[in-house]
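Just below is one structure, and these are the notes that go with it.
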Amino acid sequence: VDGSGGLEDTRMRHPDQTVALGPVPHRARTRSRHRIVALAAVAFASLLLTMLVGGSPAFGASPIEAVIPELVPKAELQLAPDGEVNVSAAPSVPPPSGRTSQVIVEVEFEIVEQVTAIDPATGVEYETWGYRIPGDVTVSGTPGPMIRARVGDVLRFTIHNPEGNAMPHNVDFHAVTGQGGGAANTTVAPGMTAVIEARLLYPGMFMYHCAMGDVPEHISRGMYGGILVDPAEPLPEVDHEWYIVQSEYYTTSTEPGLVETDRAAITAEHPTMVVFNGAKGALIGANAPVMQVGERARIYFVNAGLNLI
């Protein structure tokens, strides 16, 4: 993604051609009518969406223009200010930056492959794959950390796959426009590191996940997380913010001990466990979301799945 965030003109251009005029076949006329109907439907949908967001095709910004700010050239951007936190482990959320300017946000992930207690109460263990902030050995990496930036920022993302791992991995950011969301350029075999930069053009809460090899297995083993792109106009203040991710495990057993992946169950959409934040009981005890009467909270929720809603 280039620093300007502009769109390249990819329309096909054809040389002048001499066309013999004659009767239009019935099938061609039918196709033409279908195209007209389709174009009319698209135009109506665009008009309706524009009205819903409070604009007007003639007198206001289009829906896309309404959310994409004027972009500062990348060469003029500074790094995020010292003290700004852009990444945190679940269920914590990085605090709002309070910035009104666009910056370069630097985030680094380390890939984790390890045996994790996915049901600590009964002793069920499973080899999960995930992402974590480098050096944070207190987490399993499932779900991955939450990233927070602001619309118009450039994400400078570094991913490292330690030599002790067995599998290649990558990251597909749904917040990054373009094919694969950066997956091709973040693919790293064990012992490799990759760096990408991408302009965050749209505000919202987006999923990211591994898109390497058998994608359903990589996701079901825990390679997912969320990235929040704040709008230019900050959201109203709240007393609490939490990051919660729903996911499923597909295992050969739920008996105590180390269990394996049931690949057929993934295809059949029959999970053995549905969990929040990577394991049974992950949101109780010290990690339980607690608020007092009269307080307001905002939950950033990721439906990682990969099958159930």
Side-chain angles (χ1 to χ4, degrees), residues 87 89-91 107 109-119 124-133 139-147 157 159-162 165-176 178-190 194 196 198 204-228 243-254 258-280 282-283 300-309:
V87 62
V107 172
F109 278 6
E110 176 181 71
I111 293 170
V112 189
E113 296 177 0
Q114 65 180 19
V115 173
T116 301
I118 59 174
D119 187 354
V124 179
E125 296 183 329
Y126 181 59
E127 183 180 304
T128 57
W129 303 339
Y131 311 97
R132 68 184 177 195
I133 302 167
V139 299
S140 67
T142 301
M146 178 172 167
I147 300 171
F157 177 72
I159 183 167
H160 177 58
N161 193 352
N165 287 344
M167 301 291 294
H169 301 284
N170 59 26
V171 185
D172 173 355
F173 288 104
H174 289 198
V176 172
Q179 178 64 33
N185 293 324
T186 57
T187 299
V188 282
I196 65 166
M205 182 66 180
F206 302 90
M207 178 184 179
Y208 65 78
H209 62 87
C210 186
M212 185 67 197
D214 185 346
V215 179
E217 181 176 3
H218 281 244
I219 295 175
S220 67
R221 282 187 179 268
M223 303 201 78
Y224 46 75
I227 174 171
L228 171 64
Y243 166 45
I244 298 177
V245 184
Q246 175 273 343
S247 64
E248 305 129 27
Y249 287 117
Y250 297 81
T251 62
T252 53
S253 171
T254 56
L258 183 62
V259 297
E260 303 295 332
T261 299
D262 185 341
R263 188 59 183 79
I266 296 176
T267 302
E269 303 184 5
H270 293 156
T272 47
M273 292 186 190
V274 177
V275 300
F276 294 89
N277 285 11
K280 284 191 174 181
L283 288 173
Y300 297 102
F301 192 87
V302 176
N303 174 213
L306 68 131
N307 288 317
L308 302 186
I309 298 178

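Positions are given from 1 along the sequence.
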Are the side chain of [X] and the backbone of [Y] linked by a donor-acceptor contact shorter than 3.5 Å?
{"X": "Y249", "Y": "G278", "answer": "yes"}
{"X": "N161", "Y": "M167", "answer": "yes"}
{"X": "N307", "Y": "I266", "answer": "yes"}
{"X": "R132", "Y": "P145", "answer": "no"}
{"X": "E248", "Y": "L306", "answer": "yes"}
{"X": "T186", "Y": "V171", "answer": "yes"}
{"X": "D119", "Y": "M273", "answer": "no"}
{"X": "E125", "Y": "I118", "answer": "no"}
{"X": "N170", "Y": "A211", "answer": "yes"}

For the residue pair T128 / T116, report whether a side-chain donor-acceptor contact shorter than 3.5 Å exists. yes

Between the side chains of T254 and T272, is a donor N or O closer than 3.5 angstrom to an acceptor N or O?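 No.
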
Contact summary for [X] and [Y], nearest pair of heavy atoms:
{"X": "C210", "Y": "V215", "result": "O-CG1, 3.5 Å"}
{"X": "N277", "Y": "P91", "result": "ND2-CB, 3.7 Å"}
{"X": "Y243", "Y": "G226", "result": "OH-N, 3.0 Å"}
{"X": "V274", "Y": "P271", "result": "CG2-CG, 4.2 Å"}
{"X": "V112", "Y": "S140", "result": "CG1-O, 3.7 Å"}
{"X": "P168", "Y": "P190", "result": "N-CD, 4.2 Å"}

For a side chain to side chain contact (heavy atoms under 4.5 Å, CB included) check, start with the C-alpha distance between Y208 and M223, then their side-chain angles and the critical distance, and finish with the verdict. CA-CA 8 Å; Y208 65 78; M223 303 201 78; over 6 Å; no

With side chain to side chain donor-acceptor pair (under 3.5 Å) as the test, would you mind laying out the steps for T261 and Y250 before giving the verdict? CA-CA 6 Å; T261 299; Y250 297 81; over 6 Å; no

Please check if the distance between the ring centroids of H209 and H218 is under 6.0 Å. no

Ring centres under 6.0 angstrom apart (F109, Y131):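 Between F109 and Y131, the centre distance is under 6.0 Å.
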
Between F157 and F173, what is the ring plane arrangement, given parallel below 30°, perpendicular above 60°, and tilted in between?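 If you compare the ring of F157 with that of F173, the planes turn out perpendicular.
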
Can you tell me how far the CZ atom of F301 sits from the CZ atom of F276, to the nearest 0.5 Å?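 The distance works out to 5.0 Å.
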
What is the distance from atom OH of Y300 to atom CE of M205, rounded to the nearest 0.5 Å? 8.0 Å

Pairs meeting criterion salt bridge (Lys or Arg N to Asp or Glu O under 4.0 Å) with involvement of residues 259-274, two or more places apart: D214-R263

